[in-house]
Participant: 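Below you'll find the structure I mean.
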Amino acid sequence: MEQLSNKKRKANKEHICDWCSLKINKGEIYANQSNADEGTVFTWKNHIHCADLMDKIGAYDNGDGVSTDDFQEYAKNEYQNIMSKYHNEVYESKDFKYPNFEQQLKFVLEFHKIMSPQQLEGISI
Ligand SMILES: [Zn+2]
């Protein structure tokens with residue numbers, strides 16, 4: 001696979017992030033890549049904060065790129081790590097229920113200070 005371009009763009013309409021599968025809002029700056037794979041050109045779009053998170057937790061390390069499934073796996077694992085390290089009592093309690101993926105992701109983004117609580121409040125990611 002070959003990367004043809006990698007640009008930051010302002011969204012003219014809503015898109016779906018290829019990593020978290022959540023919405024990229026109109027007007028939001030996002031990453032837009034063109035890739036060529038055996039003669040086929042395809043576009044990959046992702047949130048800037050999703051890329052920042054992958055950098056932060058070192059998810060590029062397998063050298064193979066991070067697929068949508070990988071991303072969601074990494075984000076969920078990170079959520080579990082943080083919960084068991086810093087909120088173990090809640091996490092281990094019998095009443096604990098996993099929030100949905102969007103909430104897990106927001107929690108992880110806030111924990112790593114990639115987005116502030118104020119920023120997170122204003123967006124639906
Ligand atoms: Zn995303």
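Just so you know, ligand 1 is whichever comes first in the structure, and atom 1 is the first atom listed for that ligand.
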Participant: Is the side chain of Gln33 donor-acceptor paired with the backbone N or O of Thr43 at a distance under 3.5 Å, no angle test?
Facilitator: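 No, the answer is negative, given that no donor and acceptor are paired below the 3.5 Å cut-off.
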Participant: Answer whether the closest heavy-atom distance between the side chains of Asn81 and Glu78 falls below 4.5 Å.
Facilitator: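 In short, these two side chains touch, coming nearer than 4.5 Å.
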Participant: Taking His15 for the side chain and Asn46 for the main chain, is one N or O donor matched with an acceptor at less than 3.5 Å?
Facilitator: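 Flag not set: sc His15 to bb Asn46 has no pair under 3.5 Å.
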Participant: Looking only at non-hydrogen atoms, find the nearest pair between Val108 and Ala75 and report the distance.
Facilitator: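 Closest heavy-atom pair between Val108 and Ala75: CG2-O, 3.9 Å.
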Participant: Do any N/O/S atoms of Cys20 come under 2.8 Å of the Zn ion (ligand 1)?
Facilitator: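 Coordinating: yes.
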Participant: Quick one: the SG of Cys17, the Zn ion (ligand 1), SG of Cys50 angle, rounded to 10°, please.
Facilitator: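 My answer is 120°, to the nearest 10°.
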Participant: What atom name does the N, O or S atom of His47 nearest to the Zn ion (ligand 1) carry?
Facilitator: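 Of all N, O or S atoms in His47, the Zn ion (ligand 1) lies closest to ND1.
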